[in-house]
*Asks:* 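Before anything else, here's the structure in question.
Below, each value reflects all heavy atoms present in this structure, side chains not excepted, and no hydrogens, waters or symmetry copies. Residue numbering restarts at 1 for every chain, and letters A, B, ... go by the order of the sequence lines.
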Amino acid sequence: MNSPWMIETKQLTKMLGGKPVVDRVDMLIQKGEIYGFLGPNGAGKTTTIRMLLGLARPSSGHIRLLGKDIRRERLDILRKVGSLVEYPSYYGHLSGYENLEAVRRLLDIPKSRIDEVLAIVRLTKDAKRPVKGYSLGMKQRLGIATALLGSPELLILDEPTNGLDPAGILEIRELIKSLPRSQGVTILISSHLLSEVDQMATRVGIISSGRMIFQDSIARLRKQAKSGIRMRVSEPEQAMRLLHGHGFQAAVESELLAFDDLPDAQIGAMVARLSEHGHLIYRIEESAASLERIFLDMTGTEGSL
Amino acid sequence: MLRVLSAEWLKIRRKGIWFLVMLGPLGAVGLQGLNYAIRYDYLMPLYADDPWGRLITNVTMLMLPSMFIGLAILASMNAGIEHQMNAWKQTLALPVKRRDVFLAKFFITSLLLLVSSTLIIAFTLMLGWLLGLEMNPPVVQLLQASYYPYLAIMPFVALQTNLSVLIHNQAVPLTVGILGTVISMFALWLPDWMPWIWPYLENSYGEPLYSVLAGVGTGAVILLIGMLVFNRKDVR
């Protein structure tokens with residue numbers, strides 16, 4: 001493979017009804033990464049993923065998967081890609097085993113692989129039951145088993161924990177984390193919950209209203225979480241003026257003294273000054289904007305979390 | 001293509017599809033059985049000149065409407081397997097040609113209908129012998145009465161496959177199928193160029209093969225159109 005990128009999109013755009021649902025997205029995913037693809041509902045995550053899998057046609061832009069053009073070598077690419085798109089697809093009248101068998105026949109791989117993936121998602125016991133009797137979590141696990149069936153190099157999971165209860169979410173997360181990373185599987189996992197991919201992803205891309213607004217390592221995202229110091233004192237206005245007089249940067253925010261992040265020595269000095277002048281200091285706290293906060297600020301959407 | 005067909009074969013398990021495949025022929029021949037049983041003493045002298053031929057024609061008259069409705073239901077069930085739980089996106093994200101997936105749906109429906117047509121022959125034979133007709137039936141006529149209409153009805157197999165696969169809401173193809181069945185009952189009053197009359201093998205030239213050829217040709221064209229649309233369609 002000559003391209004280091006497992007997924008590479010250039011100016012990927014999809015117009016629906018004259019409006020761009022996906023707008024000039026440049027996505028880059030390296031081999032071996034777990035890439036968290038984040039965005040509120042309706043931001044264009046699923047549409048992007050559908051285009052990656054060749055299910056929908058881009059209005060413009062290019063897609064390369066595993067270094068190959070999806071339009072020209074779709075079948076070659078899909079042989080090495082496992083996917084789970086939104087809510088699970090399954091044949092309810094068939095058993096779990098038969099569902100996998102139907103896909104196995106299309107992939108043309110040995111039957112033993114079915115038992116292997118059933119064991120990975122711990123469905124061996126329920127394999128003979130019709131899928132319509134499965135719980136949502138089990139269906140989702142079956143979907144992941146289906147995605148794993150072809151021993152893919154690239155795994156694309158769209159909202160794999162959507163609609164699951166906390167126990168189910170945990171289960172799926174553990175499952176994804178336990179996927180053999182040693183084999184160099186690259187994983188793209190989309191979600192509208194930052195907390196969900198926070199613990200798995202090495203890199204994140206955040207999409208909002210069709211535009212990619214952030215794409216970098218999760219550590220870089222955390223750095224954006226600006227921290228600061230808040231101080232509750234008896235007379236904040238006077239205290240602020242006092243501190244300004246001594247050359248400190250301070251502001252009053254809702255009855256609290258607020259500072260940017262400062263080294264310990266400076267804080268100590270400030271506290272000493274304030275005490276000298278008779279200010280009572282009730283509490284000093286560090287305020288770190290949570291990742292959730294940053295995410296919300298970036299996407300500018302309330303209520304999606 | 002064979003891989004796709006074998007997967008399709010697996011998917012139609014436990015859907016009651018095989019029951020439906022049996023039901024059509026059983027109904028058509030069974031009703032004629034009832035007809036003959038009730039009016040045996042009246043009908044046998046009436047048909048004395050060609051008892052087998054008359055039996056075959058009678059069965060055919062009941063068979064055709066049940067074929068029209070049966071193929072619509074079969075096509076809808078085959079496509080519905082994917083629509084029901086949004087399995088299209090899974091199937092089409094696998095390394096298979098879209099064309100093959102589409103054609104497999106058509107072939108499975110055609111194959112099931114072929115089984116029905118064959119059963120008609122078997123059941124007609126049984127009924128004939130049960131009625132005490134002579135042991136050697138007119139085999140060619142029997143085969144033609146079943147397989148010619150099968151070929152001539154292909155435009156409808158193609159049409160129903162297209163509609164069922166391309167439209168998520170299966171009420172649409174089924175409505176079209178039911179309307180077609182109704183029209184087919186009055187087909188003998190229709191002009192030659194109307195496809196509904198083709199399965200009856202009636203045309204102004206008196207040559208059943210013309211109807212068969214028209215059916216196969218038109219069917220191929222309709223299927224091709226559906227395939228091209230499916231190839232370009234975004235999957236939900």
Side-chain angles (χ1 to χ4, degrees), chain A residues 14-16 21 46-47 49-59 65 70 73-95 97-109 130-132 134 139 142-143 146-147 149-150 152 154 156 158, chain B residues 1-21 73-74 76-105 107-108 112 164-166 168 170 228-236:
Chain A
K14 176 78 181 175
M15 309 287 284
L16 279 180
V21 186
T46 299
T47 311
I49 286 176
R50 279 168 197 276
M51 287 192 283
L52 291 180
L53 292 169
L55 293 174
R57 276 161 190 272
S59 304
L65 260 65
I70 185 83
E73 297 172 80
R74 195 176 71 92
L75 296 190
D76 270 357
I77 293 171
L78 290 180
R79 219 178 295 282
K80 292 173 189 153
V81 175
S83 65
L84 170 65
V85 180
E86 265 186 322
Y87 32 83
S89 309
Y90 57 90
Y91 307 111
H93 60 291
L94 300 178
S95 72
Y97 188 92
E98 287 165 335
N99 265 272
L100 290 168
E101 171 65 14
V103 174
R104 186 201 69 84
R105 289 187 185 182
L106 294 177
L107 288 170
D108 201 18
I109 49 172
V131 175
K132 60 184 164 205
Y134 281 19
K139 284 174 188 161
L142 180 67
T146 312
L149 199 58
L154 172 65
I156 296 181
D158 186 20
Chain B
M1 187 70 217
L2 279 176
R3 288 182 294 139
V4 188
L5 271 178
S6 95
E8 289 300 321
W9 194 251
L10 173 75
K11 287 184 215 165
I12 58 172
R13 272 188 205 173
R14 287 199 283 281
K15 267 291 194 184
I17 280 187
W18 288 109
F19 170 74
L20 197 69
V21 168
I73 298 173
L74 286 177
S76 168
M77 284 176 96
N78 284 331
I81 292 172
E82 313 288 334
H83 286 302
Q84 213 169 20
M85 285 304 158
N86 301 291
W88 287 115
K89 57 183 158 71
Q90 188 182 72
T91 308
L92 297 175
L94 292 169
V96 285
K97 291 201 185 94
R98 280 195 175 201
R99 186 188 70 199
D100 289 354
V101 173
F102 182 80
L103 288 180
K105 290 290 177 199
F107 281 136
I108 285 284
L112 292 171
S164 299
V165 168
L166 295 173
H168 183 79
Q170 292 300 297
L228 292 176
V229 176
F230 184 72
N231 259 339
R232 299 197 58 87
K233 196 174 179 277
D234 281 358
V235 185
R236 278 215 291 164

*Asks:* How far does CG of A:L106 sit from CD of B:E8, to the nearest 0.5 angstrom?
*Replies:* 8.0 Å
*Asks:* Under a 3.5 Å distance rule, please check whether B:N86 uses its side chain to pair with a backbone N or O of A:P88 as donor and acceptor.
*Replies:* no
*Asks:* Grab the two heavy atoms, one from A:L55 and one from B:R98, that are nearest each other, plus how far apart they are.
*Replies:* O-NH2, 3.2 Å
*Asks:* Has B:K89 got a side-chain atom pairing as donor or acceptor with A:V85's backbone, closer than 3.5 angstrom?
*Replies:*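 Answer holds: yes.
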*Asks:* Working to the nearest 0.5 Å, report the span between CG of B:L94 and CZ of A:R105.
*Replies:*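 CZ of A:R105 is found 14.5 Å from CG of B:L94.
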*Asks:* Tell me, for A:K132 versus chain B, whether the close heavy atoms (under 4.5 Å) come from the side chain, the backbone, both or neither.
*Replies:*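 No part of A:K132 comes within 4.5 Å of chain B.
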*Asks:* Hey, is the main chain of A:L94 close enough, under 3.5 Å, to the side chain of B:R14 for a donor-acceptor pair?
*Replies:*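 Such a contact is absent between B:R14 side chain and A:L94 backbone.
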*Asks:* Between A:P130, A:G150, A:A102, A:G143, which residue shows the highest count of heavy-atom pairs closer than 4.5 Å to chain B?
*Replies:* A:A102
*Asks:* State plainly whether the residues B:R13 and A:E101 are in salt-bridge range, i.e. N to O under 4.0 Å.
*Replies:* no
*Asks:* Output the option from A:L107, A:L149, A:D76 having the highest count of non-hydrogen pairs under 4.5 Å with chain B.
*Replies:*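 Winner by heavy-atom pair count: A:L107.
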*Asks:* Taking all non-hydrogen atoms of both residues, which atom of B:V96 and which atom of A:R74 are closest, and how far apart?
*Replies:*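 Answer, listing the atom of B:V96 first, then A:R74: O-NH2, 3.0 Å.
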*Asks:* Measure B:K233 against the heavy atoms of chain A and call it side chain, backbone, both or neither at under 4.5 Å.
*Replies:* backbone
*Asks:* If you round to the nearest 0.5 Å, how far is CG of B:D234 from CG of A:L16?
*Replies:* 7.5 Å
*Asks:* Heavy-atom distance under 4.5 Å to chain B: side chain of A:R57, backbone, both or neither?
*Replies:* both
*Asks:* Examine whether an atom of A:R104 lies under 4.5 Å from a heavy atom of chain B, and if so say whether it belongs to the side chain, the backbone or both; otherwise answer neither.
*Replies:* neither
*Asks:* If I measure from the heavy atoms of chain B, does A:T146 come under 4.5 Å with its side chain, its backbone, both, or neither?
*Replies:* side chain
*Asks:* Using modelled atom types and a 3.5 Å cut-off, is there a donor and acceptor pairing between side-chain atoms of A:H93 and backbone atoms of B:I12?
*Replies:*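 Between the backbone of B:I12 and the side chain of A:H93 there is no qualifying donor-acceptor contact (under 3.5 Å).
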*Asks:* Could you point out which residue of B:K15, B:Q90, B:E82 forms a side-chain hydrogen bond (donor to acceptor under 3.5 Å, both in side chains) with A:Y91?
*Replies:* B:E82
